[in-house]
Each structure stands twice: as C-alpha cells, then as structure tokens.
**Student:** 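My questions all concern the structure below.
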Amino acid sequence: EKTKVVKLEAALEQQKRSNELLHQGLLEMQQHKEQLDTLLADARSQIRAVADSIIIRNPYSDQALVFLIAHGPAAQSVVKMQIDLHGSQAGEVYLSRQTSIYSPSMMNKAHEKRLDTKSGFQSNNILTKPLLKFGSELVGVVQFLNEDRNTPFTVEDEKKIEPICVKLALAVSNIIADPTNLVH
C-alpha cells in the first residue's frame, strides 16, 4: 500500500514538473510571437504594406517552405499552406539569399499565384527579404505585400526595414532553434 502511494506521489510530481515545463514553453513562445508581431507592425507602417509573413524551411520537407507567422487580409487562409522551394518568389529569395522586389511589370520574377488563388488575395507588389542571423545564417524570409498606395516597393523601402530585419532574424532563430516551438 505504501509503495503504491510513493509511486503515485512520484508520478504526480513528475506530471507537475512536465506541466510547468510545458507552461514555460508556451509562455516563451507567446513572448516570441509578440516580439515578431511588434517588429512586423513597425516594418509594415514604415513601408505602408498591408500584409506580411515570415516563411521558414519546412522541418519535414527539404522542398517546401511554411509560414511561421502571417498578418493581413488573407493571413488565416495562407498560414497553413506550403510554398514550393523552387518556382516561388519566397523560394527564390531563400535559395539565392538576395532580396527581391516583385511587381506585375517585372515578368521575369517568379511568383506563386497558387497562394493568391487559394486565399482570394491579390498580391501585386511584394518585397521579399532573406532573414540572415548575424548576416550569414539563413533562418527564413520575410515578405511584405501590396504597398497601400498601389505602387511598387523600392530599394529605399528595403533600406528602411533593414534594421528591423536584423531583429527579426534573431527572433526567428530563437524560435526555430527548438523544434518544440514549431509544435506550439
């Protein structure tokens, strides 16, 4: 009888520790998300974008990217979609590590219209920038969509958000460093 009680108490204590760790992980993830939300809102306001997203490598597929976070009119529709690593603007930027500014007049730039079709959102102007931790380690890409005055993004817009992208890269690297964060 005493052995059973001791075993149950030990199991209960183990469950309490496990719950505390889970709660701590959820709190940390919430803090990371709030940090990303704040940084992205700041960047959106500086370049007058109506939507944004952070896209990372799919941890389960070498040929796809997934959304870590998205804001804007179609955010709920696209956040669970995958993006092909090859043949998409986000994939092109991810692979080349070079910023891309897309507008309808730039036909030589790749853009995955499948996302627009599924989400019902028309992406006309897109600024896609690699997120490089300490300037070298690629952790994802950030995209800003449809400048509100309906003119293409510019190199000046890219320069405005560069300091924010440095902070975004650090925040994203903190999230993706622990695979359990992606589950949360």
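All values below were derived from every heavy atom in this structure, side-chain atoms included, with hydrogens, water molecules and symmetry-related copies excluded.
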**Student:** Decide yes or no for L85 and Y94: does some side-chain heavy atom of the first lie under 4.5 Å from some side-chain heavy atom of the second?
**Tutor:**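 With C-beta onward as the side chain, the pair touches.
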**Student:** What's the separation between atom CG in L131 and atom CD1 in I164, rounded to the nearest 0.5 Å?
**Tutor:**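 Reported to 0.5 Å precision, the distance equals 12.0 Å.
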**Student:** Side-chain contact, heavy-atom cut-off 4.5 Å: K129 with E162?
**Tutor:**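 K129 reaches E162 side chain to side chain.
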**Student:** Between P59 and V66, what is the shortest heavy-atom contact and its length?
**Tutor:**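 Heavy atoms only, the tightest pair is CD-CG2, 4.5 Å.
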**Student:** Provide the closest heavy-atom pair for T99 versus P130 in the form atom of the first, atom of the second, distance.
**Tutor:**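 Here T99 and P130 meet closest at OG1-CD, 3.6 Å.
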**Student:** Before you tell me yes or no, could you show the steps for V5 and K2 under side chain to side chain contact (heavy atoms under 4.5 Å, CB included), namely the whole-Å CA-CA distance, both residues' side-chain angles and the distance that decides it to 0.1 Å?
**Tutor:** CA-CA 5 Å; V5 170; K2 285 183 182 182; 5.6 Å; no
**Student:** Rounded at 0.5 Å granularity, tell me how far CG in L36 sits from CD1 in I175.
**Tutor:**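 Answer for the CG-CD1 pair, L36 versus I175, is 4.5 Å.
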**Student:** Can you tell me how far apart CG (L127) and CG (L145) are? Round to the nearest 0.5 Å.
**Tutor:**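 If we round to the nearest 0.5 Å, L127:CG and L145:CG are 9.5 Å apart.
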**Student:** If hydrophobic clusters are built from ILVMFWY residues whose side chains come within less than 4.5 Å, do V166 and V93 share one?
**Tutor:**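 No, V166 and V93 fall in different hydrophobic clusters.
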**Student:** What heavy-atom pair brings A43 and I161 nearest, and what distance separates the two atoms?
**Tutor:**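 Of all heavy-atom pairs spanning A43 and I161, the closest is CB-CG2, 3.8 Å.
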**Student:** Side chain to side chain contact (heavy atoms under 4.5 Å, CB included), that's the test. Do R57 and D62 meet it? Break it down for me.
**Tutor:** CA-CA 7 Å; R57 191 79 174 250; D62 288 340; 4.0 Å; yes
**Student:** Can you find a pair of side-chain heavy atoms, one from K133 and one from V172, that are under 4.5 Å apart?
**Tutor:**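 Counting from C-beta outward, K133 and V172 never come under 4.5 Å.
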**Student:** So which atom in V78 and which in F67 form the shortest heavy-atom distance, rounded to 0.1 Å?
**Tutor:**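 Between these two residues, the closest heavy atoms are O-CD1, 3.1 Å.
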**Student:** Indicate the atoms forming the closest heavy-atom contact of F144 with F153, along with that distance.
**Tutor:**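 Minimum heavy-atom contact is O-CE1, 3.3 Å.
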**Student:** Could you give the distance from OG1 (T154) to CD1 (I101), rounded to the nearest 0.5 Å?
**Tutor:**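 The CD1 atom of I101 is 6.0 Å from OG1 of T154, to the nearest 0.5 Å.
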**Student:** Could you report the tightest heavy-atom contact between C165 and V142, atom names first, then the distance?
**Tutor:**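 Nearest heavy atoms, C165 then V142: SG-CG1, 3.9 Å.
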**Student:** Flag the pair H86 / L95 as yes when at least one side-chain heavy-atom distance between them is below 4.5 Å, and no otherwise.
**Tutor:**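 H86 reaches L95 side chain to side chain.
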**Student:** Mind checking whether E9 and E13 have side chains closer than 4.5 Å, heavy atoms only?
**Tutor:**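 Side chain of E9 against side chain of E13, heavy atoms only: no contact under 4.5 Å found.
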**Student:** Could you give me the CA-CA distance, side-chain angles and deciding distance for Q35 and Q31, then say whether side chain to side chain donor-acceptor pair (under 3.5 Å) is met?
**Tutor:** CA-CA 6 Å; Q35 181 184 21; Q31 289 171 339; over 6 Å; no
**Student:** CD1/I83 to OG/S53 distance, rounded to the nearest 0.5 angstrom?
**Tutor:**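 Going from the CD1 atom of I83 to the OG atom of S53 covers 6.5 Å.
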